[in-house]
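Note that the numbering runs from 1 along the sequence shown for the chain. Owing to the predicted nature of the structure, the values given are computational and were not obtained by experimental measurement.
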Amino acid sequence: MVLENAPSWKPDLAAEFEQPYMQKLKQFLREEKSKHKIIYPHSNNWFHALEATPLDQVKVVILGQDPYHQPKQAHGLCFSVLPEIKTPPSLVNIYKELQTDLDITPVKHGYLESWAKQGVLLLNAVLTVEASNANAHQGMGWEQFTDKVIATVNLRCEHVVFMLWGSYAQKKGAVIDRQRHLVLKAPHPSPLSAYRGFFGSKHFSQANQYLKQHDKPLINWQLPETVS
């Protein structure tokens, strides 16, 4: 559990790996593996959000809660699935809002890598999950680590857009300095809550408007039609 492929984050996060909570988390994950439990995503992708979006390039942060827990879905970016996997319901609703907000036609995949490479940090609060057992790794230490990630962005970056969807993300984002950053709040895009205000929130156009005001490159929210 190191950040060899995320060097920009290491000065701020490396010390976390020596903390008691992280030692306990490592031990927990080792024990789960020794019991032959399947953990998603693959360990190579636990820190993929940090690898795909260097700290000095963060423009937007979207907070998720837990990785997908079915085969071949999770790959370390919140809301995103691998190219060959059916687009999950919450992401379908995100695509609907994108179409309403920016007239972007939904693509036929759920792979959000191109957003991450443009500076959209797609961060789950918990970075691992047991197969077919949602939320199985909550409360084991990941939340403390991802709190540190959020605090690092808050402190080290300027004029970042935080999209906080649902009460869980909003509570986790409570530390964000509203004087330095833009905080956008809406209900979660899940089918259970999207109609309570996620639809029509126009977060994507608001994000680009804010980035433009601060002379930052805009996010191209149009995903590529095909991915390899």
Shared hydrophobic cluster, [X] / [Y] (ILVMFWY, side-chain heavy atoms < 4.5 Å):
X: L91; Y: M163; result: yes
X: L192; Y: Y195; result: no
X: L211; Y: L102; result: yes
X: L127; Y: F17; result: yes
X: F145; Y: Y40; result: no

Could you pull out the closest heavy-atom pair between [X] and [Y], with the gap in Å?
X: L223; Y: Y95; result: CD1-OH, 3.3 Å
X: L63; Y: C78; result: C-SG, 4.3 Å
X: Y68; Y: A74; result: O-CB, 3.6 Å
X: V129; Y: N135; result: CG2-N, 3.9 Å
X: V227; Y: P83; result: CG2-CB, 3.3 Å
X: Q99; Y: P106; result: OE1-CD, 3.4 Å

Practice prompt. State which residue, out of F28, F47, Y21, fulfils the ring-ring contact (aromatic ring centres under 6.0 Å, His included) condition with W142.
Written response: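 The passing option is F47.
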
Which value, rounded to the nearest 0.5 Å, describes the distance between [X] atom [atom1] and [Y] atom [atom2]?
X: I39; Y: W46; atom1: CD1; atom2: CH2; answer: 5.5 Å
X: D147; Y: K172; atom1: CG; atom2: NZ; answer: 3.5 Å
X: E32; Y: N133; atom1: CD; atom2: CG; answer: 9.0 Å
X: N5; Y: E51; atom1: CG; atom2: CD; answer: 4.5 Å
X: M22; Y: K148; atom1: CE; atom2: NZ; answer: 11.5 Å
X: L25; Y: R30; atom1: CG; atom2: CZ; answer: 9.5 Å

Compare all side-chain heavy atoms of [X] with those of [Y] and state whether any distance is below 4.5 angstrom.
X: V149; Y: L50; result: yes
X: E97; Y: S201; result: yes
X: V160; Y: V60; result: no
X: V153; Y: L121; result: yes
X: H181; Y: V161; result: no
X: F79; Y: S90; result: yes
X: Q73; Y: L82; result: no
X: Q57; Y: Q118; result: no

Distance-only, no hydrogens or angles: does the [X] side chain make a donor-acceptor pair with backbone N or O of [Y] under 3.5 Å?
X: D101; Y: F204; result: yes
X: R180; Y: L155; result: yes
X: H109; Y: Y111; result: yes
X: K185; Y: A169; result: no
X: E143; Y: V126; result: no
X: Q65; Y: N124; result: no
X: R178; Y: I176; result: yes
X: S205; Y: K202; result: yes

Worksheet item: Looking just at side-chain N and O atoms, do S132 and H69 make a donor-acceptor pair shorter than 3.5 Å?
Response: no

Discussion item. For a quick check under 3.5 Å, do E113 and H48 share a side-chain donor-acceptor pair by atom type?
Written reply: yes

Worksheet item: Stepwise, does the side-chain hydrogen bond (donor to acceptor under 3.5 Å, both in side chains) test hold for Q23 with Q27?
Response: CA-CA 6 Å; Q23 299 300 321; Q27 182 62 29; over 6 Å; no

Item to complete: Any chance you could lay out the side-chain hydrogen bond (donor to acceptor under 3.5 Å, both in side chains) test for K59 and T53, step after step, and finish with the verdict?
Response: CA-CA 9 Å; K59 300 187 192 79; T53 311; over 6 Å; no

Worksheet item: Taking only residues two or more places apart in sequence, or in another chain, which ones meet W115 in a ring-ring contact (aromatic ring centres under 6.0 Å, His included)?
Response: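 Partners of W115 by the ring-ring contact (aromatic ring centres under 6.0 Å, His included) criterion, ordered by chain and then number, come out as W221.
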
Worksheet item: Is the number of heavy atoms from other residues, nucleotides or ligands within 6.0 Å of CG (L218) greater than 12?
Response: yes

Discussion item. With side-chain contact (heavy atoms from CB on, under 4.5 Å) as the criterion, how do H188 and S167 come out once you've worked through the C-alpha distance, each side chain's angles and the decisive distance to 0.1 Å?
Written reply: CA-CA 8 Å; H188 195 278; S167 58; over 6 Å; no

Practice prompt. Using the salt bridge (charged side-chain N to carboxylate O under 4.0 Å, His left out) rule, take E31 and K37 through it: C-alpha gap first, then chi angles, then the decisive distance, then the call.
Written response: CA-CA 9 Å; E31 289 173 359; K37 291 186 178 180; over 6 Å; no

Worksheet item: Salt bridge between K108 and E225, side-chain N to carboxylate O under 4.0 Å?
Response: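 Salt bridge between K108 and E225, a charged N being under 4.0 Å from a carboxylate O: no.
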
Worksheet item: When you look at D56 and S8, which way does the side-chain hydrogen bond (donor to acceptor under 3.5 Å, both in side chains) test go after all the steps?
Response: CA-CA 7 Å; D56 58 357; S8 66; 4.9 Å; no

Discussion item. One pair to check against side-chain contact (heavy atoms from CB on, under 4.5 Å): V183 and L164. What are the steps and the verdict?
Written reply: CA-CA 7 Å; V183 175; L164 306 181; 3.6 Å; yes

Practice prompt. Determine, step by step, whether S80 and H75 satisfy the side-chain hydrogen bond (donor to acceptor under 3.5 Å, both in side chains) criterion, reporting the C-alpha distance in whole Å, the side-chain angles of both residues, the deciding distance to 0.1 Å, and the verdict.
Written response: CA-CA 7 Å; S80 181; H75 66 107; 2.7 Å; yes

Item to complete: Would you sort out whether V107 and Q222 count as a side-chain contact (heavy atoms from CB on, under 4.5 Å), showing the intermediate values?
Response: CA-CA 8 Å; V107 292; Q222 174 68 66; 3.9 Å; yes

Worksheet item: Between H203 and Q206, is a side-chain contact (heavy atoms from CB on, under 4.5 Å) present by the stated rule, with each step listed?
Response: CA-CA 5 Å; H203 280 188; Q206 287 185 66; 4.0 Å; yes

